[in-house]
K.L.:
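I'd like to ask you about the structure that follows.
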2 protein chains.
Amino acid sequence: MSLTSPMRDERTLVLQLRDAIISYIGEQELKPGDRLPTEAEFTQMFNISRPALREALKLLEQDGSIYVIHGKGRFVSAMATLAVERPITCFESVTDMVRRYGYKPTNKVLSISEETAAGQVQEALRLNADTRVIRLERLRMQGEEVLVYCLDFVPRSLIPDRLYDVDWGGSLFDVLESYGHRPVMSTATAASVMLPTDVSERNDLEDFGPAFLITETAYTQDGAPVVFAKDYHRGSSFTFSFVRK
Amino acid sequence: MSLTSPMRDERTLVLQLRDAIISYIGEQELKPGDRLPTEAEFTQMFNISRPALREALKLLEQDGSIYVIHGKGRFVSAMATLAVERPITCFESVTDMVRRYGYKPTNKVLSISEETAAGQVQEALRLNADTRVIRLERLRMQGEEVLVYCLDFVPRSLIPDRLYDVDWGGSLFDVLESYGHRPVMSTATAASVMLPTDVSERNDLEDFGPAFLITETAYTQDGAPVVFAKDYHRGSSFTFSFVRK
DNA sequence: TAAGGTCAGTTGTCAGACGACTGGTGTGCC
DNA sequence: GGCACACCAGTCGTCTGACAACTGACCTTA
């Protein structure tokens, strides 16, 4: 059993190993509680050194796929069989998320404006009291049906162009990336709420029903907050999955 | 800088190291993008070997707290500063979760019965068509207010006692643990819904409002599903946090 | 001046060794 | 015969030392 197809160098050996072990568990149809090959067997199988193998195994231990008993061996854990395709903990844009549900959404910009950061927005984006932010209000539609009502805030300084020169109809993350502020992760909270009455009245959304609200602050790789968002997902159209451990 | 207070052996060295590095980042007030000490420096600092250190660093890489550039060094990532206290991805009983929100909940058993598994329940618990399950319906109350409406299903075979000999007023997980079926993880989905009308009518919950529904299948360490649950959390009382990356 | 080579610093990988823990086996004592 | 204990093989935990590969800066040279 070799690791990479000849020409593929790709990533670091340890990550390849980790995936190879996952594949091995799948191919051998190992069930939770089953014993894994020993370190010695794995190193021979993949023809790699023990430290490299151990780093890969440690990764699997950390995410709970396997567990180890000193002096006995390593064993498949329940987690290994509980792969959720695309959990809520995966960072992605609303646009991509909606598409994944099989929708072909169109975006409708309700309003784009500039204002002074305050309260929740100011705090999340770590701004001074008098800092300007862009306020973007959009609807994600599937045909005539509103799927998500999105309210985004971005520090004005990140986008030095005129507001009307920017295409707000696509993914906000793409816009930010084009200005060198690509968000890569976020902290978020989820709650179940009704749409704010002013929003539902203005947009004829009285029948929107219970909304799945994700309040999210997105950060760049170097830790700078670049977006504060409140996304109201139509409850009857979205279900979010995840693993708890 | 030593690792453990003298008498503390506790866990494996690598895990101690991981936490020590996290502490180091905190103490030195390293910000995202800052460079970490080299492997050589760390091994001297903690007086441990390089393989052990590398395993610890790999763990931090995996969860995104740090990133590495071959030939340059390791750097603090944004994730390191985004610690969420108790994310939704942490497996815990509804009882514990509610307590964490500062409530002192009382449990009210609405009904306990036995029925034949079917549909969603049968599928989640991987049961045959004619298998018996326990159906447990409860309310978590704070004073007179209902916080959560819980509907649980457990394979009958896991609890060989008479239903009325069991105390269902506490954590269901505790009951299962006492029979040797402690759940340790789960797969779950979250959605925003209204309470089923029969539930709200029977329990006088017409004003419950939008509910945060967590549909969860819990598993033991060896991968056996032991609980299928639908927990309707009062939307105005609960917010769930998590990190996306 | 610009292109290229060289070198120190850092991470990636390898090899071999010994310590620590687990479970089973066998022995000796009662 | 039964029980307690010592021993031993198997496995994971940790250490030491070494070399390869990559990065960036410096130096040399055309």
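All chains are named by letter (A, B, ...) in the order of the sequence lines, taking the proteins before the strands, and each is independently numbered beginning at 1. In this text, all values refer to a predicted model and were calculated from it rather than measured experimentally.
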K.L.:
I want to verify a distance call: between C:dA15, D:dA21, D:dC12, whose nearest atom is closest to the A:Thr38 side chain?
P.N.:
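Nucleotide nearest to A:Thr38's side chain: D:dC12.
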K.L.:
Which residue lies toward the 5' end of DNA chain C, A:Ser49 or A:Gly71, if each is placed at its nearest nucleotide?
P.N.:
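The answer here is A:Ser49.
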K.L.:
In whole Å, I'd like the distance from the CG atom of A:Leu36 to the P atom of D:dG10.
P.N.:
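Distance check: A:Leu36 CG to D:dG10 P gives 19 Å.
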K.L.:
CD of B:Glu55 versus C1' of D:dC12: gap in Å, rounded?
P.N.:
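It is 11 Å, rounded to the nearest whole Å.
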K.L.:
How close or far is atom P of C:dG16 from atom CD of A:Glu39, stated in whole angstroms?
P.N.:
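Whole-Å distance recorded here is 16 Å.
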K.L.:
Taking only N and O in the side chain of B:Thr43, is any of them less than 4.0 Å away from OP1 or OP2 of D:dC15?
P.N.:
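Answer no for this pair, as no side-chain N or O of B:Thr43 is under 4.0 Å from OP1 or OP2.
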K.L.:
What is the distance, rounded to the nearest whole Å, between atom CD1 of B:Ile48 and atom P of D:dT14?
P.N.:
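One finds 10 Å between P of D:dT14 and CD1 of B:Ile48, rounded.
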K.L.:
Taking the basic N atoms (NZ, or NE/NH1/NH2) and the acidic carboxylate oxygens, is any pair closer than 4.0 Å for B:Glu55 and B:Lys58?
P.N.:
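So B:Glu55 does not pair with B:Lys58 through a salt bridge.
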K.L.:
Does A:Asp165 pair with A:Arg162 as a salt bridge, N-O distance under 4.0 Å?
P.N.:
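So A:Asp165 pairs with A:Arg162 through a salt bridge.
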K.L.:
Can you tell me if the side-chain N/O atoms of B:Thr12 get under 4.0 Å from OP1 or OP2 in C:dA20?
P.N.:
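So the side-chain polar atoms of B:Thr12 never come under 4.0 Å of the phosphate oxygens OP1 or OP2 of C:dA20.
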K.L.:
Could you pick out which residue, A:Lys58 or B:Ile69, lies toward the 5' side of DNA chain D when each is mapped onto its nearest nucleotide?
P.N.:
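Looking at DNA chain D, the more 5' nearest nucleotide goes with A:Lys58.
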K.L.:
Within this structure, what is the CD-to-C1' distance between A:Glu41 and D:dC12, rounded to whole angstrom?
P.N.:
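Distance check: A:Glu41 CD to D:dC12 C1' gives 13 Å.
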K.L.:
Let's test your reading of the model: under 3.5 Å, does the base of D:dC12 pair with the side chain of A:His70 as donor and acceptor?
P.N.:
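It does, because a donor-acceptor pair links the side chain of A:His70 to the base of D:dC12 below 3.5 Å.
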K.L.:
Calculate the interatomic distance between B:Gln44 atom CD and D:dT16 atom P; express it in whole Å.
P.N.:
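Whole-Å distance recorded here is 12 Å.
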K.L.:
For A:Arg50 and C:dA15, what is the distance between atoms CZ and C1' respectively, to the nearest whole Å?
P.N.:
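Those two atoms, CZ and C1', are 11 Å apart.
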K.L.:
What verdict does the salt bridge (Lys or Arg N to Asp or Glu O under 4.0 Å) test give for B:Arg74 and B:Glu39, after you've listed the backbone C-alpha separation in whole Å, the side-chain angles of each residue and the deciding distance to 0.1 Å?
P.N.:
CA-CA 9 Å; B:Arg74 291 194 166 80; B:Glu39 297 184 358; 2.9 Å; yes
K.L.:
Picking from C:dT13, D:dT23, D:dC15, which would you name as closest to the side chain of B:Lys72?
P.N.:
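Of the options given, the side chain of B:Lys72 lies nearest D:dT23.
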K.L.:
When you measure from the side-chain N and O atoms of A:Arg54 to the phosphate of D:dG13, is any distance below 4.0 Å, counting only OP1 and OP2?
P.N.:
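The answer is yes; a side-chain N or O of A:Arg54 sits under 4.0 Å from OP1 or OP2.
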K.L.:
Tell me whether the count of non-hydrogen atoms from other residues, nucleotides or ligands lying under 6.0 Å of CD in A:Glu29 goes above 12.
P.N.:
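For A:Glu29, atom CD is not crowded (no more than 12 foreign heavy atoms under 6.0 Å).
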K.L.:
Whole Å only: how far is the CZ atom of B:Arg74 from the P atom of D:dT23?
P.N.:
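In whole Å, D:dT23 P lies 15 Å from B:Arg74 CZ.
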K.L.:
So that I know where these two stand, are B:Phe91 and B:Phe173 an aromatic pair - ring centroids less than 6.0 Å apart?
P.N.:
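Centroid separation for B:Phe91 and B:Phe173: below 6.0 Å.
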